[in-house]
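Here the structure comes first, spelled out in structure tokens, and everything after it is commentary.
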Amino acid sequence: MNYNFQEIEAKWQKYWADNQTFKAENKSAKPKFYALDMFPYPSGAGLHVGHPLGYIASDIYARYKRHKGFNVLHPQGYDSFGLPAEQYAIQTGQHPAITTEENIKTYRRQLDQLGFSFDWSREVRTSDPKYYKWTQWVFTQLFNSWYNKGTDKAEDIESLISIFEKEGNKNVNALCDEDIVIFSSDDWENYTSKQKQEILLKYRLTYLAETEVNWCPALGTVLANDEIVNGVSERGGHPVVRKKMTQWSMRITAYAQRLLDGLKGLDWPQPLKDSQTNWIGRSEGASVGFNVISSDNEKSYKIEVFTTRPDTIFGVSFMTLAPEHDLVSKITTPEQKAEVDAYIEATAKRSERDRMADVKTISGAFTGAFAEHPFTKEPIPIWIGDYVLAGYGTGAVMSVPCGDQRDYDFAKHFKIDIPNIFEGVDISEEAFADKEKTIIANSDFLNGLSYKEATRKIIDALEEIGQGKGKINYRLRDAVFSRQRYWGEPFPVYYVDGMPQMIAKEHLPIELPEVEKYLPTETGEPPLGNATHWAWNTVTNNVVSNSEINNATVWPLELNTMPGWAGSSQYFNRYMDPHNEEEIFSQEAINYWQDVDLYIGGSEHATGHLLYSRFWQKFMFDKGLVSKDEFAKKLINQGMITGTSALLYRITQRPDVFVSKELVEDYLNEEASNNIFEQIQELSGVSKENLSFDKIHVDVSLVNTSDELDINEFRKWQLEFLHAKFLPHNGPVKVLREVEKMSKSKYNVVNPDAICEEYGADSLRLYEMFLGPLEQSKPWNTAGITGVHSFLKKLWRLYFDNDGAKFEDVEPTKDNLKTLHKTIKKVEEDIENFSFNTSVSTFMICVNELSSQKCTSKTILEPLAILVSPYAPHIAEELWNILGHTESIATAPFPKFEEKYLVESSKEYPISFNGKMRFKLELPLDMSKDDIEAAVMAHEKTQAQLQGRAPKKVIVVPGKIVNIVG
RNA sequence: GCUCGAGUGGUGGAAUUGGUAGACACGUUGGACUUAAAAUCCAAUGGCCAUUAGGCCGUGCGGGUUCAAGUCCCGCCUCGAGUACCA
């Protein structure tokens, strides 16, 4: 009987689907385990071999946990809103829902053929109204909440209103907008409804605000920083300008400290935690107010700055404002106005990323205005410079050139004073920023103090004169939540007199309307502006035609849609109870499953999805909806699988002439170059001076394992190569190999379908794990897959020979048991440590040993099938079945490791001389140290090594090693 | 620049608390089986020297600690990822 993987794999995939083998129950006496993969976006290109890496790992773990007696939740679904489907819709007019549906089918087929143990009954799709109903609902909950710094949690907006009614807002300790005006309870009572709504918006956890965005007029849309290259849009190369727009924002900054603190308890990769820490960017320092010196006594302006070095305040020799700073236009003197305006205009054309990336160019402009130093009362010139960003801190800096390199460079460039306030430090060449070695000088009452002492003292002094206080600042900014797109969740929001109103839970979901075009409207409104049926009737509580808008009972609906991360910020909880139509999830379900025990996905989500989800989870926790304020206990980043690109040398001047790799290398190294050059010239006619080579990507399927190009296939591959010429004419043409990210455009993607076809899913699963450690990035090279495939065949032959099954009910030998139990031990340790590559080797060793032992004992072969089952589930099911079981292997108990089978009585000691192993000596393990030494010293090889010398020292580590020194 | 990873044969990688460097595979070479091929099996395979016995070198580089270092410490180099005029 042969190992017919195609038949076996199809059979068991059908069995699992028919029997719902992996359906998880929300009630169980077993302990729970929740294994989750990061939400996939179903792209049109389908899966390549890099995608399943993490899925295989989580599947092995999930299957292992089932063997270990856990009730395992291992769901899968689709983050199915997104840009590519919308882009395709714009180009072809095809509705994104149709494209998405097709892509999901491809994904599903590819996932199914790999034999994953997903509970498909729990599948969710973010673009399904039944799902996004709850995304909309969470949004309304955020709207109806404010952040109470006193209790350090989100609370219902009603509690804030009742405070306003009782005592106004003077005692409210909230995380809110900066421009809050103090009012009394009487004031509140007298405000109009609209005024009240405006004030409340400043406190809500999701709110409307003017946000500066990268606006691309030609595309009619806002672009992300990385969609802009050299100041123009990546797609189309259109100009981009900075523009203010009213958009929904999420007050994630309310959670900055808790998001930081929460990281400590998470078993997540350190680099990932580090990048979140940096992203949140907590810094301690002081907020300082500088009064602007004004000849006009009626207007007094104050510049607020945040500084981490308040101790250097006596070193301030100028101030720098972001060009966008509100005060700039107000304080600039008439003489300087032209220069300042020109500078502001120039800055607006630069993207934030541009401004940040360009460290070398120093630019700025003097406003003509001066601020007053809070202590010396000296005038300080106020400059603007694009190295100061409006979005960070207050958008203003107190510049201390002697202590900050950027300030130093700016001062040097504009010939501004650089006063030295450090004792015994030379600042003629560069600034001095070492806090630890700082001793303050030339600073009045701070002289002689260290950084720490001076900081404490100056903050007290600032508070005393009312011009500053200690402050903690976060780099984290509130997250913009509006997108000017079609294919996303619509907001459950309509506008009454321009003020946003939430639509109640019982009327959700608000479904995405049909539109004729997916582009922005001619007036620049988002695509939903094209919808004719997009107004809210507050009487009948449904969506009606725009023509019915009467600004009394029928109002316009929001035209923006939600961003990609909206749907992915609570999906892991929705999986616990995915079909609940009454609640986002039942308390029973969330209390049973609690949180994700293992989350596997790419590190690219470090500061996006993984930060927003933590924020939503903490909010849900504050609302009492979830019992854990972190949603994933353990997280693993799987490494990227890189592709091995094939690059073919082409003569730049003759794009139809290709030269084999080794000839080009010889030529370039000037080895035998004359001979090669003659051949090249004969073929191409290019002179030596003009000769240069390009490297073009060639589809990897056109190249064999010896890097030789299949010339005939290459000619057929693309029309332009039909009449290509090659050097050598009749010898093999070799390509250069380079490891790069796997990508369609580099023609180095390997599709799993072909491998499944040729070797089967079990081989692919094993091979992806065998490649190397899960977390490391590693190159894909199909050459080695034959190794794991022949391992599976060897495994099969342990159970079968040509006549059929050969296992028997016989007692296993000592060696059989030893092999089995050392395998159990190692595999169990490996899985617990996510070291899947080493267990594949362990299986190979085990099967090699059992084969040479000619083991046929069921006592060994049964547990072996279970051990292999998480990795290669199809073959394991088949073997299990043939061993006589009628139930799936999925919940068969994991074999129990027993130490007694591994106990050894002797050890082959390595005998080293000066640390170098020279020979081995078998000695009993219970032999004493002295006896070992005596035995070793008496050995003839020891005497030969020593050649009569007396050893200085003999180190004996029983059970390990003997080392003779001398 | 900063932060975090990584660097081991021709290749992917192994070496769990410092204790036999190169497990397991791929590839290559030789052999068996076969009319032949495929499949399968067996053997060899870090480099250099040596007929053998054996010796020397060897985990990016330079130092150090130790009886013993891929592993620990100090200083560098290279590659990868993230991030950035963060005040």
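Order of the sequence lines sets the chain letters (A, B, ...), proteins ahead of strands, with each chain counted from 1.
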For nucleotides B:A38 and B:G18, find the distance between their P atoms and express it as a whole number of Å.
49 Å
Can you tell me how far C1' in B:C4 sits from the matching atom in B:U20, rounded to whole Å?
34 Å
Among residues two or more places apart or on two chains, list those pairs meeting salt bridge (charged side-chain N to carboxylate O under 4.0 Å, His left out) that have a residue in residues 952-966 of chain A.
none
Residues at least two apart in sequence or cross-chain that pass side chain to side chain contact (heavy atoms under 4.5 Å, CB included) with A:K794, listed by chain then number, are A:R797, A:V847, A:N848
Expressed in whole Å, how much space separates the C1' atoms belonging to B:A6 and B:A87?
33 Å
Is the shortest side-chain N to carboxylate O distance from A:K818 to A:E904 below 4.0 Å?
yes
Name all residues meeting the salt bridge (charged side-chain N to carboxylate O under 4.0 Å, His left out) criterion together with A:D407; count only those two or more places apart in sequence or in a different chain, and write none if there are none.
none
Write out all pairs satisfying ring pair (Phe, Tyr, Trp, His ring centres under 6.0 Å) with one or both partners inside residues 939-966 of chain A, taking only residues at least two apart or from two chains.
A:F919-A:H939
Residues that A:T394 engages under side-chain hydrogen bond (donor to acceptor under 3.5 Å, both in side chains), provided they are two or more places apart
none
Residue pairs meeting side-chain hydrogen bond (donor to acceptor under 3.5 Å, both in side chains), one or both in residues 764-775 of chain A, sequence neighbours left out, come to A:D59-A:R765
In the strands shown, is B:C56 matched to any nucleotide by a Watson-Crick or G-U wobble pair with both distances under 3.5 Å, and which?
B:G47
Paired nucleotide for B:G75 [Watson-Crick or G-U wobble; both distances under 3.5 Å]:
B:C61
N/O to N/O distances under 3.5 Å, protein versus nucleotides 56-58 of chain B:
residue : atom : partner : partner atom : Å
B:C56   : OP2  : A:R918  : NH1          : 3.2
B:C56   : OP2  : A:R918  : NH2          : 3.3

Separation between the C1' atoms of B:A21 and B:A53, rounded to whole Å
24 Å
With rounding to the closest Å, how many angstrom separate the P atoms on B:G22 and B:C73?
25 Å
Would you please classify the geometry between the A:H789 ring and the A:Y759 ring as parallel, tilted or perpendicular, with 30° and 60° separating the classes?
perpendicular
Relative to each other, are the rings of A:F836 and A:F834 parallel, tilted or perpendicular (30° and 60° limits)?
perpendicular
Polar contact flag, side-chain donor to acceptor under 3.5 angstrom, A:S275-A:T607:
no
Looking only at atom P, what distance separates B:G82 and B:U29, rounded to whole Å?
41 Å
Under 4.0 Å between any heavy atoms, over every strand shown, what does A:D407 touch: base, sugar-phosphate, or nothing? Just pick one.
nothing
Rounded distance in Å between the P positions of B:A14 and B:C67
31 Å
What's the NE2-C1' distance between A:H605 and B:G82, to the nearest Å?
14 Å
When all nucleic acid strands are considered with a 4.0 Å heavy-atom cut-off, which category describes A:K793: base, sugar-phosphate, or nothing?
sugar-phosphate
Work out how far the P atom of B:A15 is from that of B:U71, and round it to whole angstrom.
15 Å
Base-pairing assignment for B:U20 (Watson-Crick or G-U wobble, both under 3.5 Å)
none
Tell me the partner of B:U11, counting only Watson-Crick (N1-N3 plus N6-O4 or O6-N4) or G-U wobble (N1-O2 and O6-N3) with both under 3.5 Å; none if nothing fits.
B:A25
Whether A:K929 and A:E933 form a salt bridge (side-chain N of Lys/Arg under 4.0 Å from carboxylate O of Asp/Glu) is what I want to check.
no
Here the salt bridge (charged side-chain N to carboxylate O under 4.0 Å, His left out) pairs for residues 277-290 of chain A, sequence neighbours left out, are A:R282-A:E284
Does B:A69 have a Watson-Crick or wobble mate here (both distances under 3.5 Å), and if so which one?
none
What contact category does A:T786 fall into here, base, sugar-phosphate, or nothing, at under 4.0 angstrom with non-hydrogen atoms?
sugar-phosphate
Below 3.5 Å between N/O atoms, which protein atoms pair up with nucleotides 43-46 of chain B? Just atom names and distances, please.
none

Heavy atoms under 4.0 Å, any strand shown: does A:R797 hit a base, just sugar-phosphate, or nothing?
sugar-phosphate
With 3.5 Å as the limit, what N/O pairs link the protein to nucleotides 60-69 of chain B?
residue : atom : partner : partner atom : Å
B:C67   : O2'  : A:N963  : ND2          : 3.0
B:C67   : O2   : A:N963  : ND2          : 2.8

Looking at A:R406, I'd like to know whether one of its side-chain N or O atoms comes within less than 4.0 Å of OP1 or OP2 on B:C86.
yes
Name the pairing partner of B:G80, where a pair is Watson-Crick or G-U wobble with both distances under 3.5 Å, or state none.
B:C4
For A:S317 versus A:P381, what's the shortest heavy-atom pair and its separation?
O-CD, 3.4 Å
Can you build the contact string for nucleotides 8-17 of chain B? Use B for base contact, S for sugar-phosphate-only contact, and - for no protein heavy atom under 4.0 Å.
----BSS-B-
Ignoring the backbone of A:R477, work out which of B:A25, B:C86, B:U83 is nearest its side chain.
B:C86
Under a 4.0 Å threshold between the charged nitrogen and the carboxylate oxygen, would A:K822 count as salt-bridged to A:E899?
no
The side-chain hydrogen bond (donor to acceptor under 3.5 Å, both in side chains) partners of A:K793 (sequence neighbours excluded) come to none
I want to verify the glycosidic state of B:G9; is it syn or anti under the 90° rule?
syn
Complement of B:U40, any strand, by Watson-Crick or G-U distances under 3.5 angstrom:
B:A32
Can you tell which of B:G82, B:U40, B:C86 lies closest to the side chain of A:S790?
B:U40
Ranking A:W279 and A:E908 by the position along RNA chain B of their nearest nucleotide, the one closer to 5' is A:E908
Verify the distance criterion only: is there a donor paired with an acceptor across the side chains of A:S283 and A:N473 at less than 3.5 Å?
no
Among the nucleotides B:A87, B:A23, B:U20, whichever has the atom closest to the side chain of A:T307 is B:A87
